Amino acid sequence: MPRDFLTTAEWTRAELEALIESALAFKRGDDRSRPLAGRSVALVFFNPSLRTRASMQVGAYELGGNAVVLEPGGTSWTLEHREGQVMDGDKTEHVAEFVRVLGRYCVAIGVRTFAALKDWEEERRDPILQAFARYSSVPVINLESAMHHPCQSMADMMTVREQLGAGRKRVVLTWAWHPKPLPMAVPNSFALTAAQMGHELVVAHPKGYELDDELMGEVKRHAEDAGGSLSVTNEMDEAFDGAEAIYAKSWGSRRFYGQPEKDLEERAQYRDHWIVDEERMARTSNAVFMHCLPVRRNVIVTDGVIDSERSVVIDEAENRLHVQKAIMARLLGGKA
Ligand code: CP
């Protein structure tokens with residue numbers, strides 16, 4: 001069976017630390033190996049992307065390989081992922097054939113498939129990602145699913161390590177107002193991986209914007225096992241006190257999956273209140289500002305913060321390249 005990269009929870013802390021070491025070696029130029037020479041990786045995008053697509057394509061090339069980019073419903077056929085369907089609607093091909101055919105050409109399959117924000121109970125199980133993993137005979141790399149974005153969270157942890165040094169740091173994941181509900185993959189993975197790495201994790205969000213209960217249970221367990229901690233607050237200002245890293249992200253309320261108009265009504269009260277600005281950053285312990293990008297300026301974060309010397313958003317984006325090279329080299333190059 002292939003070893004996949006679906007969530008960081010399936011990897012030990014030691015393995016994640018080794019991936020960051022490997023990514024740092026790629027970044028320094030100390031590792032110029034080409035473990036993908038003569039081989040191809042499929043990159044399947046159900047949703048738009050800048051960073052993930054460009055960094056995976058460049059990463060595959062720099063490892064000596066080739067990337068085949070497919071967009072179901074665009075440059076490839078529309079895809080059905082559910083079992084036992086009578087496919088007499090708008091879906092042309094089943095994941096069962098799509099994935100097994102790609103496995104005959106490519107040594108790994110990366111897939112991006114966002115939450116549709118329609119059915120919480122279904123989407124929290126990551127059905128499309130799981131269908132890819134079930135049928136694939138080659139490793140599957142999660143390029144952001146409904147519930148997880150592990151390549152992003154590994155780049156985030158690498159950035160924390162680079163900017164703040166090794167060891168436990170006070171890292172704050174804060175919700176911010178955004179004009180529409182967004183998926184939870186980025187905050188889920190940031191919380192999970194920060195806990196696995198033993199950080200002092202603070203999660204701040206308004207009441208009603210809680211992350212998944214099961215996931216938060218997992219985050220708490222990992223934090224305890226790794227010698228870190230988890231606290232959750234509904235007070236944004238309080239969360240910033242003493243922070244060493246501020247990670248901003250907006251997400252939708254799981255209560256309002258399938259009812260975006262209700263989420264918009266609920267979140268309206270937080271506009272101009274849940275934003276990362278200079279005043280809040282002044283409460284921190286000279287924290288770095290982090291965001292996965294794309295970000296809406298003067299909505300999630302003020303120009304003054306994102307353009308400040310403490311903003312590391314471009315470094316985070318660069319680190320996507322190095323950490324994904326480390327992941328591909330580990331999965332496909334026989335590295336320990
Ligand atoms: N952060 C991130 O995944 O960026 P893209 O959506 O542009 O790939």
Side-chain angles (χ1 to χ4, degrees), residues 5-8 19-20 23 27 41-62 67-75 108-117 123 126 128-129 132 140-160 162-163 171 173-176 178-194 245-252 276 288-297 299-301 306 311-328:
F5 196 74
L6 304 183
T7 83
T8 55
L19 285 175
I20 291 176
K27 187 169 185 175
V41 174
L43 305 176
V44 182
F45 284 89
F46 286 84
N47 312 100
S49 168
L50 166 63
R51 281 142 290 270
T52 306
R53 179 172 169 156
S55 58
M56 285 297 289
Q57 282 190 270
V58 171
Y61 171 77
E62 289 184 1
V68 177
V69 179
L70 298 164
E71 296 151 319
T75 52
I109 302 173
V111 56
R112 162 163 288 199
T113 167
F114 289 171
L117 304 177
E123 292 177 35
D126 256 339
I128 300 179
L129 177 71
F132 269 68
V140 173
I141 302 172
N142 183 353
L143 302 180
E144 188 172 346
S145 64
M147 286 293 278
H148 293 281
H149 197 354
C151 293
Q152 180 66 53
S153 65
M154 286 302 292
D156 298 335
M157 291 307 116
M158 177 180 172
T159 308
V160 168
E162 272 185 326
Q163 297 290 332
V171 299
L173 167 64
T174 181
W175 188 90
H178 186 282
K180 60 180 189 179
L182 299 177
M184 297 181 186
V186 168
N188 285 347
S189 283
F190 182 84
L192 186 58
T193 315
I246 296 293
Y247 196 98
K249 187 72 186 83
S250 194
W251 61 87
V276 180
V288 289
F289 172 74
M290 303 179 72
H291 190 282
C292 62
L293 304 181
V295 69
R296 292 190 184 224
R297 282 171 172 255
V299 170
I300 301 286
V301 56
I306 196 168
S311 172
V312 296
V313 296
I314 306 302
D315 302 285
E316 273 179 273
E318 179 191 339
N319 286 342
R320 293 290 305 278
L321 169 64
H322 307 300
V323 91
Q324 288 157 194
K325 284 173 70 177
I327 292 164
M328 286 191 278

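Every heavy atom of this structure was used, including side-chain atoms; hydrogens, water molecules and symmetry mates were not. None of the values given here were measured: they were computed from a predicted structure. Both ligands and their constituent atoms are indexed starting at 1 by order of listing.
Those atoms of ligand 1 that come under 4.0 Å of a heavy atom in C292, given as number and element, are 1 (N). Here is the list of ligand 1 atoms found below 4.0 Å of a heavy atom in L293: 1 (N), 2 (C), 4 (O). For ligand 1, the atoms lying closer than 4.0 Å to a non-hydrogen atom of L50 are 5 (P), 7 (O), 8 (O). Residue contact check: H149 has heavy atoms under 4.0 Å from atoms 2 (C), 3 (O) of ligand 1. Heavy-atom proximity to T52, at under 4.0 Å, picks out these atoms of ligand 1: 2 (C), 3 (O), 5 (P), 8 (O).
When only non-hydrogen protein atoms are considered, atom 4 (O) of ligand 1 lies nearest to R51 NE, 2.9 Å. Given atom 6 (O) of ligand 1, the protein heavy atom at minimum distance is R112 NH1, 2.8 Å. Closest to atom 2 (C) of ligand 1, if we only count protein heavy atoms, is R320 NH1, 3.4 Å.
Between the side chains of E144 and N47, no donor N or O sits under 3.5 Å from an acceptor N or O. A donor atom on one side chain and an acceptor atom on the other are not found under 3.5 Å apart for T159 and E316.
The only option from H178, K180, R296 that meets the side-chain contact (heavy atoms from CB on, under 4.5 Å) definition with S250 turns out to be H178. When each of K325, H322, Q57 is paired with E62, the side chain to side chain donor-acceptor pair (under 3.5 Å) condition holds for K325 and for no other.
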key: Derivation and outcome, side-chain hydrogen bond (donor to acceptor under 3.5 Å, both in side chains), residues T75 and E71   = CA-CA 5 Å; T75 52; E71 296 151 319; 3.2 Å; yes

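The shortest non-hydrogen separation linking V276 to A248 is CG2-CB, 3.9 Å.
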